[in-house]
Amino acid sequence: MDHAAVLALFERDLREGARPDGPGARIERVGAVVRQTAPAHGWNGVVGSALEASTADAVIAEQIAYFTGLGREFEWKLYGHDLPADLGRRLVAAGFVPGPEETLMVGDVAELTLDTEPPEGVRVVAVTDRAGVDLLADVHEKAFGADASRLRRQLLERLTHDPGTVVAVVALAGDEPVSAARMELVPGTRFAGLWGGGTVRDWRGRGIYRALVAHRGRIAVDRGYRYLQVDASGRSRPILERLGFAALTTTTPYVYRPVR
């Protein structure tokens with residue numbers, strides 16, 4: 001895989017050419033910024049930017065004013081190759097709080113190991129309705145220790161109004177949900193994004209995460225996608241590397257919360 005060429009394709013298709021990620025969301029291109037505006041329970045933020053050092057602070061201030069005017073907290077999704085080189089420092093100075101740095105990893109499906117199956121006694125089921133969404137959200141809360149109410153509403157809306165753009169699965173040990181994940185299929189591109197893969201603590205280290213990556217990868221192949229994209233944590237990066245994914249750059253969420 002040509003890393004530079006794939007990163008350029010990622011930039012063109014998923015940042016410059018970003019598409020709304022759910023019902024009620026819209027993409028706006030304002031000057032050097034590509035941003036998404038969504039309902040309060042959706043994702044609001046800057047998808048991509050091409051800033052000059054001389055005007056970057058003014059553009060940052062404009063985005064703060066815009067989203068604050070809507071009463072929305074928002075995220076500036078910063079990649080390691082974004083310019084100016086000190087954009088992260090400028091965001092912090094403007095009041096943003098950085099989250100954990102992750103690694104943008106991409107795999108060409110033709111080069112990935114996608115034959116991994118779940119361990120004995122564990123089966124993977126598709127999430128298609130509210131009951132399935134509840135199981136996935138419960139796993140998310142246990143695996144990540146985070147409230148999943150927003151995810152629950154977003155995923156149910158996607159499955160109801162735009163089911164062709166999202167795949168969600170839960171791994172069950174008997175009737176117990178032990179792992180879950182989803183995949184976003186971006187129409188008109190060659191990229192499918194893997195998101196939210198998490199396993200409850202007592203079931204980690206048994207290959208379930210790898211199996212869910214492979215399961216979603218096979219679906220992506222069947223639907224004609226060439227690349228799988230993941231924002232990988234330090235824990236998942238080694239697993240993805242063993243499956244054939246390559247690290248292309250880093251990504252860090254910078255979040256701005258308006259003072260209420």
(message) Using every non-hydrogen atom in the two residues, find where Lys77 and Asp82 come nearest and quote the distance to one decimal.
(response) O-OD2, 4.1 Å

(message) Minimum heavy-atom separation for Leu14 and Val47, please, with both atom names.
(response) O-CG1, 3.6 Å

(message) Looking only at the side chains, is there a donor atom on one of Glu11 and His81 sitting less than 3.5 Å from an acceptor on the other?
(response) yes

(message) So that I can tick it off, tell me whether Arg158 and Asp162 are bridged by a salt bridge, with the cut-off set at under 4.0 angstrom between side-chain N and carboxylate O.
(response) no

(request) May I ask you to decide if Ala65's main-chain N or O and Thr68's side chain share a donor-acceptor pair within less than 3.5 Å? (result) no

(message) Main chain of Ala38, side chain of Asn44: is a donor-acceptor contact present, judged purely on distance under 3.5 Å?
(response) yes

(request) Kindly assign one of parallel, tilted or perpendicular to the pair Phe96 and Trp76, based on the angle between their ring planes and the thresholds 30° and 60°. (result) perpendicular

(request) Establish whether Val230 and Leu112 are linked, either directly or via other cluster members, by ILVMFWY side-chain heavy-atom contacts under 4.5 Å. (result) yes

(message) If you compare all heavy atoms of Ile60 against all heavy atoms of Leu87, which two are closest, and at what distance to 0.1 Å?
(response) CD1-CD1, 3.9 Å

(request) Could you tell me whether the side chain of Thr160 and the main chain of Leu156 form a donor-acceptor pair under 3.5 Å? (result) yes

(message) For Glu102 and Thr252, which I'm curious about, is there any donor-acceptor pair between the side chains at under 3.5 Å?
(response) no

(message) Consider side-chain contact (heavy atoms from CB on, under 4.5 Å). Of Asp134, Asp147, Leu136, which one does Arg152 pass it with?
(response) Asp134

(request) List the steps and the verdict of side-chain contact (heavy atoms from CB on, under 4.5 Å) for Val139 and Val178. (result) CA-CA 6 Å; Val139 170; Val178 297; over 6 Å; no

(request) Taking all non-hydrogen atoms of both residues into account, name the closest pair between Met183 and Ala192 and its distance. (result) SD-CB, 3.9 Å

(message) Under a 3.5 Å distance rule, please check whether Arg223 uses its side chain to pair with a backbone N or O of Arg218 as donor and acceptor.
(response) no

(message) For the backbone of Ala58 and the side chain of Thr55, can you confirm whether one donor and one acceptor N or O come within less than 3.5 Å of each other?
(response) no

(message) Closer than 3.5 angstrom, by distance alone: can the side chain of Arg29 be matched with the main-chain N or O of Glu16 as a donor-acceptor pair?
(response) yes

(request) Before giving the answer on side-chain contact (heavy atoms from CB on, under 4.5 Å), spell out for Leu172 and Val125 the whole-Å C-alpha distance, their side-chain angles and the decisive distance to 0.1 Å. (result) CA-CA 7 Å; Leu172 299 174; Val125 299; 3.9 Å; yes

(message) If you compare all heavy atoms of Ala148 against all heavy atoms of Ala137, which two are closest, and at what distance to 0.1 Å?
(response) CB-O, 3.6 Å

(request) Would you sort out whether Glu101 and Thr251 count as a side-chain contact (heavy atoms from CB on, under 4.5 Å), showing the intermediate values? (result) CA-CA 6 Å; Glu101 180 182 275; Thr251 179; over 6 Å; no

(message) Looking at every heavy atom in both Glu176 and Trp203, which two are closest together, and how far apart are they?
(response) OE2-NE1, 3.8 Å

(request) Determine whether the side chains of Gln63 and Arg35 contain a donor N or O and an acceptor N or O closer than 3.5 Å. (result) yes

(message) If you count heavy atoms of other groups shown closer than 6.0 angstrom to CD of Glu28, is the number above 12?
(response) yes

(message) Tell me whether the NZ or CZ atom of Arg204 lies within the 45° cone about the ring axis of Tyr209 and under 6.0 Å from its centre.
(response) no

(message) Can a donor-acceptor pair be found, under 3.5 Å and without considering hydrogens, that links the side chain of Thr103 to the backbone of Thr250?
(response) no

(request) Carefully, step by step, assess His41 and Glu157 under the rule side-chain hydrogen bond (donor to acceptor under 3.5 Å, both in side chains). (result) CA-CA 11 Å; His41 65 275; Glu157 285 186 349; 3.1 Å; yes

(request) Indicate whether any N or O donor in one side chain lies under 3.5 Å from an N or O acceptor in the other, for Trp43 and Gln36. (result) no

(message) So does Leu212 get a backbone contact from the side chain of Arg216, meaning a donor-acceptor N/O pair under 3.5 Å?
(response) yes

(message) I'd like to know if the side chain of Arg123 reaches the main chain of Gly121, judged simply by a donor and an acceptor atom lying under 3.5 Å from each other, with no hydrogens or angles considered.
(response) no

(request) Take Val34 and Ile27, measure what side-chain contact (heavy atoms from CB on, under 4.5 Å) needs, and give me the verdict at the end. (result) CA-CA 7 Å; Val34 180; Ile27 295 293; 3.9 Å; yes

(request) Would you kindly say whether Tyr66 and Thr37 are connected by a side-chain donor-acceptor distance under 3.5 Å? (result) yes

(message) In this structure, would Tyr79 and Phe245 fall into the same cluster of hydrophobic residues linked by side-chain contacts under 4.5 Å?
(response) no

